[in-house]
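Note sheet for the following structure.
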2 protein chains.
Amino acid sequence: MSKTDMISDITSNARKTPSRAVTMAAVGRMAGVSQVTVSRALSDPSKVSSETLRKIKEAIEATGFVPNAIAGALASKRSMLISALVPSITNITYTSMIKPFNEVMRQNGYEILLSETGLAPDDEEKLIAAHLSRRPDAMLLTGMRHTVAARRSLLGAGIPVVEVWDTTETPIDLCVGFSHMEAGRSVAEFAAGKGYVRAATVSAGDERALRRKNAFSDRFTALTGNVVLESNFEAQASLANGRAGLSDLIDQHGFGDGVIFCSSDILAHGVVIEAQARGLRVPEDIAVIGFGDQDFAAHTHPAITTVRVDREALGRAAADALVQRFAGIDLTAPLIDIGFEIQDRASS
Amino acid sequence: MSKTDMISDITSNARKTPSRAVTMAAVGRMAGVSQVTVSRALSDPSKVSSETLRKIKEAIEATGFVPNAIAGALASKRSMLISALVPSITNITYTSMIKPFNEVMRQNGYEILLSETGLAPDDEEKLIAAHLSRRPDAMLLTGMRHTVAARRSLLGAGIPVVEVWDTTETPIDLCVGFSHMEAGRSVAEFAAGKGYVRAATVSAGDERALRRKNAFSDRFTALTGNVVLESNFEAQASLANGRAGLSDLIDQHGFGDGVIFCSSDILAHGVVIEAQARGLRVPEDIAVIGFGDQDFAAHTHPAITTVRVDREALGRAAADALVQRFAGIDLTAPLIDIGFEIQDRASS
DNA sequence: TTGTACGCGTTATCAT
DNA sequence: ATGATAACGCGTACAA
């Protein structure tokens with residue numbers, strides 16, 4: 001260190017009393033080594049003698065040094081940040097898949113930048129741009145519908161991209177999910193197989209829910225010859241919407257008896273509650289099938305028949321795929337279908 | 001631009017086919033201006049002539065340039081990142097308060113780095129360190145219990161800190177929440193006021209829930225002279241746990257009739273369902289009071305009496321406090337108590 | 001085992 | 001209105 005350096009250091013310290021950030025250089029100075037040695041001590045302690053390692057640790061302890069990951073990211077061109085976009089952070093459907101994703105990635109040293117996109121693809125596009133500016137090392141997207149501009153900037157970023165919660169023939173990169181069309185169709189076959197000949201649906205407005213609903217209706221009609229009544233709404237699914245859905249079907253559409261396929265368990269629960277409030281028996285008068293197999297579905301009274309998707313496995317699979325990518329392993333199957341499973345319970 | 005610059009550009013392009021990151025310098029070159037001018041055009045367009053602004057926009061469009069926020073953060077010492085720590089990202093109690101927090105912060109140009117801490121303060125400490133290394137401009141913490149090391153590094157970081165979802169006499173910095181002790185006590189007074197003389201509790205193991213429970217029991221006993229039975233568990237609250245809780249109270253503790261205060265609405269709902277499954281009437285035989293006023297509480301059958309906390313307002317207040325801080329406004333009240341409100345419904 | 005020199009892609013500070 | 005130049009704090013050669 002030159003004399004002028006020392007002086008400038010002293011003056012700058014004197015000038016700015018408020019919380020001067022501790023740097024590796026400062027730690028090194030205190031430990032009597034250079035900045036690089038501190039860097040090495042932190043990234044690979046085996047490359048540093050035990051004696052200097054001890055001094056450096058002391059200096060870190062004394063100064064309360066916290067490495068600056070921003071500078072590290074700029075220098076190494078790796079942010080150790082994964083950006084994840086979900087439709088809603090208050091919807092357990094998505095957060096329960098982000099949770100294991102997060103855990104696996106953190107074990108590998110990554111942090112998750114999580115944002116909610118809402119409904120519109122245009123909003124997603126803006127969020128993708130905002131996230132890309134932080135130079136994430138990979139990105140997780142929910143769903144397969146993205147604007148062309150979004151796809152373009154994603155490809156331009158040159159990072160791994162996982163699309164989850166659906167399947168497609170044309171993924172941007174990696175893909176982990178299941179077929180919503182097949183799910184709806186399977187429920188129709190399940191319901192018809194149980195002998196139901198009248199059916200209705202209660203659905204939220206999101207695109208994947210509608211695909212399940214349509215697949216259900218088409219298949220059910222093909223099997224029974226009967227039209228499927230439907231009650232749709234735009235807002236977020238809730239017990240209230242489920243109750244309103246059944247009321248709508250009964251009061252407005254003249255639905256009398258049969259099975260009702262709901263786009264989520266919470267809606268199904270609402271339908272069950274409304275039925276009971278009206279003195280209708282479940283499943284004798286009205287049978288109910290939900291979607292998602294959330295925690296409560298098995299414990300309502302009666303328990304709700306539903307479609308189980310292993311969201312934890314999905315999140316883990318998405319993370320594993322990324323980790324392999326980072327390790328330079330070529331993935332033989334960039335498209336992973338984790339499937340689904342109908343849980344046959346008392347509500348149907 | 002010199003001739004050698006051009007050559008080096010050409011060769012570097014030829015050398016590295018895979019996604020050479022577009023820089024401001026590259027955009028400037030294409031637009032015939034310097035890198036600084038591009039920076040200005042982006043941060044404050046009014047400082048650039050309309051003609052060059054047009055050229056720069058063209059160049060950005062043509063190259064697909066995405067600004068590097070990492071470099072920006074390093075240079076400006078502002079990451080425009082807010083780190084938020086919640087006990088669980090799958091628990092709507094917390095995410096519903098993060099949602100408006102997130103929205104307000106994003107409107108002000110900030111992004112949220114969200115992580116879940118789980119139960120242990122030690123885990124929180126590690127997460128805080130990890131987050132601080134990303135140099136967030138502020139941090140949101142859930143709860144008031146932090147390790148001394150955590151408090152130290154937080155203070156050392158010199159950034160605004162908001163602690164939410166509780167109150168304390170000794171905040172690190174800002175604080176937005178309500179008193180869990182007062183909440184429990186109020187429920188006891190409410191229940192005793194309704195004439196209940198026997199009571200029990202069903203509680204999850206988190207520290208704040210236990211504080212509510214204890215305050216309830218103490219006050220109820222003081223008012224009625226009767227001991228309050230309790231059933232506690234460690235796992236996350238669920239319908240299943242609520243059902244098990246009532247079973248436990250009845251089968252193991254001999255609870256016959258009275259009011260049950262649950263640490264969350266989901267538990268209360270479980271208690272209601274188990275009561276109904278046992279042929280008990282709610283509230284005639286067993287009255288139920290929940291906590292949180294989640295969406296479904298008003299729509300179960302019967303609707304659940306509960307304690308409403310305006311989580312959205314809480315998240316917004318926390319964000320507003322930070323925004324004011326960033327604007328240099330001195331906050332007259334660093335401690336904000338948003339209170340709570342008992343929702344008197346059919347279950348009690 | 002340790003150090004020197006340089007670059008990462010911006011913003012901030014002066015000039016012009 | 002625009003440009004040169006110096007930070008920002010760290011990793012990555014390369015050298016010793």
Side-chain angles (χ1 to χ4, degrees), chain A residues 1-2 4-5 8-9 11-12 15-16 19-29 31-56 60 63 65-80 109 132-135 137 157, chain B residues 1-2 5 8 12 16 19-29 31-56 60 63 65-80 109 132-135 137 157:
Chain A
M1 184 164 61
S2 73
T4 48
D5 274 349
S8 78
D9 271 340
T11 51
S12 70
R15 203 179 44 200
K16 317 182 128 189
S19 71
R20 216 193 183 314
V22 181
T23 67
M24 282 188 177
V27 171
R29 232 169 285 142
V33 295
S34 76
Q35 170 260 322
V36 233
T37 306
V38 178
S39 174
R40 269 191 287 253
L42 258 38
S43 59
D44 187 358
S46 73
K47 294 178 123 185
V48 168
S49 82
S50 57
E51 175 57 15
T52 55
L53 188 59
R54 189 187 54 72
K55 284 192 213 153
I56 290 175
I60 289 177
T63 55
F65 169 70
V66 177
N68 186 326
I70 292 180
L74 184 62
S76 68
K77 292 171 170 289
R78 297 194 314 150
S79 63
M80 300 307 280
L132 284 182
S133 80
R134 305 226 175 240
R135 296 295 187 267
D137 290 337
Chain B
M1 182 166 55
S2 74
D5 273 350
S8 78
S12 71
K16 321 181 124 189
S19 73
R20 221 200 177 310
V22 181
T23 66
M24 282 187 176
V27 171
R29 232 168 285 142
V33 296
S34 77
Q35 173 262 324
V36 227
T37 306
V38 178
S39 175
R40 267 192 288 253
L42 259 40
S43 60
D44 187 358
S46 72
K47 296 179 120 186
V48 168
S49 82
S50 57
E51 174 57 13
T52 57
L53 189 58
R54 191 187 52 73
K55 283 192 214 156
I56 289 174
I60 287 177
T63 54
F65 169 71
V66 177
N68 186 326
I70 292 180
L74 184 62
S76 68
K77 294 170 170 288
R78 298 193 314 150
S79 63
M80 300 307 280
L132 284 182
S133 80
R134 305 228 174 237
R135 296 295 187 268
D137 291 337

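Labels below follow one simple rule: chain letters A, B, ... track the order of the sequence lines, proteins then strands, and each chain is numbered from 1.
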(message) Rounded to whole Å, how long is the line connecting atom CZ of Arg134(A) with atom P of dC8(C)?
(response) 22 Å
(message) Quick check on DNA chain D: between Asn68(A) and Ser46(B), whose nearest nucleotide comes earlier from the 5' end?
(response) Ser46(B)
(message) The side chain of Ala75(B) is closest to which nucleotide in this list: dG7(C), dT10(C), dT2(C)?
(response) dT10(C)
(request) Give a yes/no answer on whether the side chain of Thr37(B) brings an N or O atom under 4.0 Å of OP1 or OP2 in dT2(D). (result) no
(message) Rounded to whole Å, please give me the gap between CG in Leu53(A) and P in dT1(C).
(response) 12 Å
(message) I need the minimum non-hydrogen distance between Pro45(A) and Ser43(A), along with the two atoms involved.
(response) CD-C, 4.0 Å
(message) Can you measure Lys55(B) atom NZ to dA1(D) atom P for me and round it to whole angstrom units?
(response) 15 Å
(request) Kindly point out which of dG9(D), dT11(C), dA4(D) is positioned nearest to the side chain of Ser34(B)? (result) dA4(D)
(message) Rounded to whole Å, please give me the gap between CD1 in Ile70(A) and C1' in dC10(D).
(response) 11 Å
(request) Starting from the 5' end of DNA chain D, give me the residue, Leu74(B) or Lys47(B), whose nearest nucleotide shows up first. (result) Lys47(B)
(request) Give the rounded distance in Å between these two atoms: CG of Leu42(B) and C1' of dA12(C). (result) 16 Å
(request) Go through dG3(D), dT11(C), dT2(C) for me and flag the one nearest to the Ser76(B) side chain. (result) dT11(C)
(request) For Val36(A), report the nucleic acid contact type (base, sugar-phosphate, nothing); a contact means any heavy atom under 4.0 Å. (result) base
(message) At less than 4.0 Å, is any side-chain N or O atom of Lys77(B) found next to OP1 or OP2 of dG9(D)? Yes or no.
(response) yes
(message) How long is the straight-line distance from CD1 of Ile70(B) back to NZ of Lys77(A), given to the nearest 0.5 Å?
(response) 10.0 Å
(message) From CE of Met24(B) over to P of dG7(C), roughly how many Å is that when rounded to an integer?
(response) 20 Å
(request) Would you name the heavy atoms of Ser79(A) and Arg134(B) that are closest together and state the gap between them? (result) O-NH1, 2.7 Å
(message) Between Ser39(A) and dC10(D), is there a contact of a side-chain N or O with OP1 or OP2 at under 4.0 Å?
(response) no
(message) What is the separation between atom CE on Met80(B) and atom P on dT10(C), rounded to the nearest whole Å?
(response) 16 Å
(message) Applying a 4.0 Å non-hydrogen cut-off, can you work out what Arg40(B) is touching in the nucleic acid: base, sugar-phosphate, or nothing?
(response) base
(request) With heavy atoms under 4.0 Å as the rule, sort Ser43(A) into base, sugar-phosphate or nothing. (result) nothing
(request) Would you check if Thr23(A) and Asn68(A) make a side-chain contact, meaning some heavy-atom pair closer than 4.5 Å? (result) no
(message) A side-chain contact here means heavy atoms from C-beta on lying under 4.5 Å apart; do Val33(B) and Val48(B) qualify?
(response) no
(request) Please tell me if the side chains of Val66(B) and Arg135(A) come closer than 4.5 Å, counting only heavy atoms from C-beta onward. (result) yes
(request) Using the closest heavy atom to pick a nucleotide of DNA chain C for each, name whichever of Thr52(A) or Gln35(A) lands nearer the 5' end. (result) Thr52(A)
(message) With a cut-off of less than 4.0 Å, is there a side-chain N or O of Thr23(B) near OP1 or OP2 of dC8(C)?
(response) no
(request) Return the value, rounded to whole Å, for the distance between atom CG of Asp44(A) and atom P of dG11(D). (result) 12 Å
